[in-house]
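Everything quoted here is computed from the prediction, not taken from an experiment.
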Amino acid sequence: MTIALIAAGFLIMAYSTFFGYQLKSRASGGLIGTRLTQLLAMITVFALSYLVVGALTFGRPADSSMLILSVILLLGAVFVILVLNLVRDVLGTLE
């Protein structure tokens with residue numbers, strides 16, 4: 001169960017990375033472009049951390065702490081999608 005949640009979170013983060021780079025092409029300069037670059041760097045690190053957590057937990061017996069960790073990571077990935085949707089809407093309003 002934990003590996004499935006971590007894998008789902010990684011897929012969401014991979015999509016978020018792709019979606020973020022698409023947004024970056026719409027706002028290449030200025031304050032929004034700078035902050036979006038910083039956000040994309042953090043999203044990339046967050047996505048790579050899923051691979052590390054997945055590798056470290058693969059083959060371990062599932063316990064309650066690993067289940068809680070995987071749920072928190074999954075909810076973090078959903079939060080990233082919500083933030084990127086907010087940025088998309090702000091860019092749409094500014095255009």
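Considering every non-hydrogen atom in both Tyr50 and Phe10, the closest pair reads CD2-N, 3.7 Å. Residues Ser70 and Leu67 share a closest heavy-atom pair of OG-O, 2.8 Å. When all heavy atoms of Gly9 and Ala77 are compared, the pair lying nearest together is O-CB, 3.9 Å. Here the closest heavy-atom approach between residue Ile32 and residue Ala27 is recorded as CG2-CB, 4.0 Å.
If you chain together hydrophobic residues whose side chains sit under 4.5 Å apart, Ile81 and Val71 fall into the same group. A continuous path of Ile, Leu, Val, Met, Phe, Trp and Tyr side chains, each step under 4.5 Å between heavy atoms, connects Val90 with Val87, placing both in one hydrophobic cluster. When the side chains of ILVMFWY residues are joined at heavy-atom separations under 4.5 Å, either directly or via intervening members, Phe46 and Leu48 end up in a single hydrophobic cluster. The cluster map of Ile, Leu, Val, Met, Phe, Trp and Tyr, joined by side-chain heavy atoms under 4.5 Å apart, puts Leu23 and Phe79 in the same cluster. Hydrophobic clustering (ILVMFWY, side-chain heavy atoms < 4.5 Å, transitive): Leu39 and Leu94 are in one cluster.
The side chain to side chain donor-acceptor pair (under 3.5 Å) pairs that include a residue from residues 12-25 are Lys24-Thr37, where partners are two or more places apart or lie in different chains.
In this structure, the separation between CG on Asp89 and OG1 on Thr93 is 6.5 Å, given to the nearest 0.5 Å. With rounding to the nearest 0.5 angstrom, the CG atom of Leu73 is 11.0 Å from the OG1 atom of Thr2. Separation of atoms CG (Leu5) and CG (Leu69) is listed at 10.0 Å; rounding is to 0.5 Å. Between Ile6 atom CD1 and Leu51 atom CG the span is 10.5 Å, to the nearest 0.5 Å.
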Legend entry - Pair Phe19-Asn85, side-chain contact (heavy atoms from CB on, under 4.5 Å): steps then yes or no: CA-CA 9 Å; Phe19 183 47; Asn85 283 332; 3.6 Å; yes
Inset, instruction - Apply side-chain contact (heavy atoms from CB on, under 4.5 Å) to the pair Leu91 and Arg88, showing each step before the final yes or no. - result: CA-CA 5 Å; Leu91 288 174; Arg88 181 198 62 209; 5.9 Å; no
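Using a 4.5 Å heavy-atom cutoff, the side chains of Val80 and Ile12 are not in contact.
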